[in-house]
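First the structure, in the form of structure tokens, and then the observations on it.
In what follows, every chain begins at residue 1, and chains take the letters A, B, ... in the order their sequences are listed.
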2 protein chains.
Amino acid sequence: MGGLAKGLLVIRAFTRDHSALTLSEVAAIAGMPAATARRCLLTLEELGYVTRRGRAFLLRPKVLELGAAYLESMDIEHLTQTHLEELARLTGDSAALSVLDGNDIVYVARTSVRTLVRLEAHVGSRFPAHVTSMGRVLLAGLAPERLEHYFRTQKFEAFTDHTVTDPKKVRQLIEECRRSGYSAVEDELAYGVVAVAVPVHDQSGRVVAALNSSSHSRRISKARLVRDRLAMLKQASRAISAELARVPGLALSAQA
Amino acid sequence: MGGLAKGLLVIRAFTRDHSALTLSEVAAIAGMPAATARRCLLTLEELGYVTRRGRAFLLRPKVLELGAAYLESMDIEHLTQTHLEELARLTGDSAALSVLDGNDIVYVARTSVRTLVRLEAHVGSRFPAHVTSMGRVLLAGLAPERLEHYFRTQKFEAFTDHTVTDPKKVRQLIEECRRSGYSAVEDELAYGVVAVAVPVHDQSGRVVAALNSSSHSRRISKARLVRDRLAMLKQASRAISAELARVPGLALSAQA
DNA sequence: GTCGCTCGTTCGCATATCGAAATAGACTGC
DNA sequence: GCAGTCTATTTCGATATGCGAACGAGCGAC
């Protein structure tokens, strides 16, 4: 069903730098002929997902229902929100839950409090696994073949001068993470971002998600972050794991 | 493009009560023949939006990217999050921003803190406008013809014994709201939910969103909610309105 | 006013999709 | 093992879609 595939590409053509797009811009960004993009846009407009202002098209809030379908089907609100809010309150920083999708992490829940500088991320945001605390925790929980596939397919791109891009070093970090049960990362995704993450297991012990607390390195050191917050993260992780028995969707949806 | 329409229906077939669905369940819920549902599911599986466990299909986190496209294209993070977090911190309750979509409100941002009892809502959640504080504020901002269309097409369903379902009374409430500049609602969407909302205007003075503070009626009375929080809501509303000059997507996307 | 350029719209043939119906697979009860 | 039931899969003619190419609309320069 090429039309479905292309329609979804059209939705994803809208980004922060492209909030309003003309037909030919959509076609260029989504990589398809103008006539096809037009058909997609007209269908999406008719269905209420897109609106038109002159020659520009913009997404409409109905699109949020698509993402909400995942959140609801995984019962994310019940699964995590209270725990994330507790973490955010106790730490004064952001707390988040993410899962692995391909070679990236995807934020599925996040709670933050007012801080002047923080990583800009929300539900649905993706980052490469190798540069994030949660990504490393998730990679550490992969089966060996899957992890090998990751190393074969991932391009280890640097985001800062501190990003670890040597595959051998990344492997070591993952192994350390597997042994220690957590991962702490500083300045690798973005300057000033420091975070510590722990795995969330399902009933069979598989790592299905990662939980983290993220701050600014001018506010707290990586060592301090680990010392002060690891225990509460582990406790929250255990609580979420217990919830997974009642709400198995997230574990089932997670990659093998 | 019927395939695109049907594919989107398939995504929205997954809900909290239906986290894992068989082919025939999807077909029944989405209201289409099994062969068509199958084609959609197989395409979505191939694109990474859906996964399969035995005979069951589940959504995968990539679906979140669709909702994230809206959040990013509207720059919701910048537009609102700091203000919502400030409100949540100052009040100890949830703060949210929503827009009107058809006859419903759709949550586009929400910040909450840990409370034991609260309305279960997240980005993408929809509720009928007539029973919510934000909905009334948004309806009060509609052009007359659009408001008449609303009254012609809306079924005024009761959610509690307190829900106002008489169209004449709803009109009065909207008119009051237009005059007073806010709306306070208690026990109409759900027992115990009390909320006060104000409009968010764009540069031309049009109401493009609504901002609210929501609590539990055992915690704070409606009158107290208004007295204590209206001023800070209005201030936050003005701040968000000012941001709309820089980030016009939300205003452009809002309904006429 | 004319011309040239860019973008949006339309056309229509080749190809893909839709979906009713037939077939296959899985499971249970006797 | 067989029959019955339910669900998933496949088939294939009717219909819809994809998209290159042609056409139309709008705009600015001369």
Side-chain angles (χ1 to χ4, degrees), chain A residues 1-15 17-60 62-63 66 69 73 248-249 252-253 256, chain B residues 1-60 62-63 66 69 73 248-249 252-253 255-256:
Chain A
M1 296 176 79
L4 173 55
K6 291 187 172 85
L8 295 170
L9 282 178
V10 165
I11 290 177
R12 290 166 64 217
F14 293 88
T15 62
D17 298 320
H18 301 104
S19 62
L21 293 168
T22 63
L23 169 62
S24 46
E25 284 169 335
V26 170
I29 292 169
M32 69 183 75
T36 307
R38 173 177 155 73
R39 225 186 260 273
C40 292
L41 284 165
L42 292 189
T43 296
L44 290 170
E45 183 182 11
E46 190 176 303
L47 297 174
Y49 292 98
V50 160
T51 191
R52 200 194 285 215
R53 291 286 175 263
R55 292 170 58 177
F57 293 89
L58 300 99
L59 292 181
R60 291 188 58 183
K62 189 173 179 179
V63 171
L66 300 174
S73 68
L252 281 174
S253 174
Chain B
M1 297 176 80
L4 173 54
K6 291 186 173 84
L8 295 171
L9 282 176
V10 165
I11 291 176
R12 290 166 63 218
F14 294 87
T15 62
R16 177 149 152 219
D17 298 320
H18 301 106
S19 63
L21 294 168
T22 63
L23 169 61
S24 49
E25 285 168 335
V26 169
I29 292 170
M32 66 183 74
T36 306
R38 173 177 156 76
R39 227 186 265 273
C40 290
L41 285 166
L42 292 189
T43 297
L44 291 170
E45 184 182 9
E46 191 177 303
L47 298 173
Y49 292 97
V50 159
T51 191
R52 199 194 285 217
R53 294 282 176 263
R55 291 169 61 175
F57 293 88
L58 299 100
L59 293 181
R60 290 189 58 184
K62 189 171 179 182
V63 170
L66 300 173
S73 67
L252 281 173
S253 175
Q255 289 194 22

Atom CG of B:Leu41 and atom P of C:dT17 are separated, to the nearest Å, by 15 Å
Atom CG of B:Leu4 and atom P of D:dT17 are separated, to the nearest Å, by 10 Å
Whole-Å distance, A:Leu21 CG to C:dC7 P, equals 14 Å
Exercise for the section: Let me see the working for A:Leu42 and A:Arg52 under side chain to side chain contact (heavy atoms under 4.5 Å, CB included), right down to the final yes or no. Expected result: CA-CA 9 Å; A:Leu42 292 189; A:Arg52 200 194 285 215; 3.0 Å; yes
Check your understanding: With sugar-phosphate meaning primed atoms plus P, OP1 and OP2, does B:Arg38 contact a base, only sugar-phosphate, or nothing at under 4.0 Å between heavy atoms?
Key -> base
inquiry  = Any base atoms under 4.0 Å from B:Met1, or only sugar-phosphate, or nothing? Heavy atoms, all strands.
reply    = sugar-phosphate
Taking C:dC18, C:dG8, D:dT9 as options, the one with an atom nearest any side-chain atom of B:Arg39 is C:dC18
Side-chain contact check for A:Ala35: nearest option of D:dT9, C:dT10, C:dG19 is C:dT10
Problem - Close side-chain approach of B:Leu44 and B:Val63, heavy atoms under 4.5 Å - result: no
When rounded to whole Å, the CG to P distance for the pair B:Leu42 and C:dG19 reads 15 Å
Whole-Å distance, A:Arg52 CZ to C:dC7 P, equals 16 Å
Note, A:Thr43 side chain near A:Val50 side chain (heavy atom, < 4.5 Å):
no
Worksheet item: For A:Thr36 and D:dG18, is the shortest distance between a side-chain N/O and OP1 or OP2 below 4.0 Å?
Response: no
Greater than 12 external heavy atoms within 6.0 Å of A:Glu46's CD: no
Of the listed C:dG8, D:dC19, C:dG19, the closest approach to the A:Arg55 side chain comes from C:dG8
note: A:Leu23, atom CG; C:dT10, atom P; distance rounded to Å ~ 12 Å
Atom NZ of B:Lys6 and atom C1' of C:dA16 are separated, to the nearest Å, by 14 Å
When rounded to whole Å, the CD to P distance for the pair B:Glu45 and D:dA8 reads 14 Å
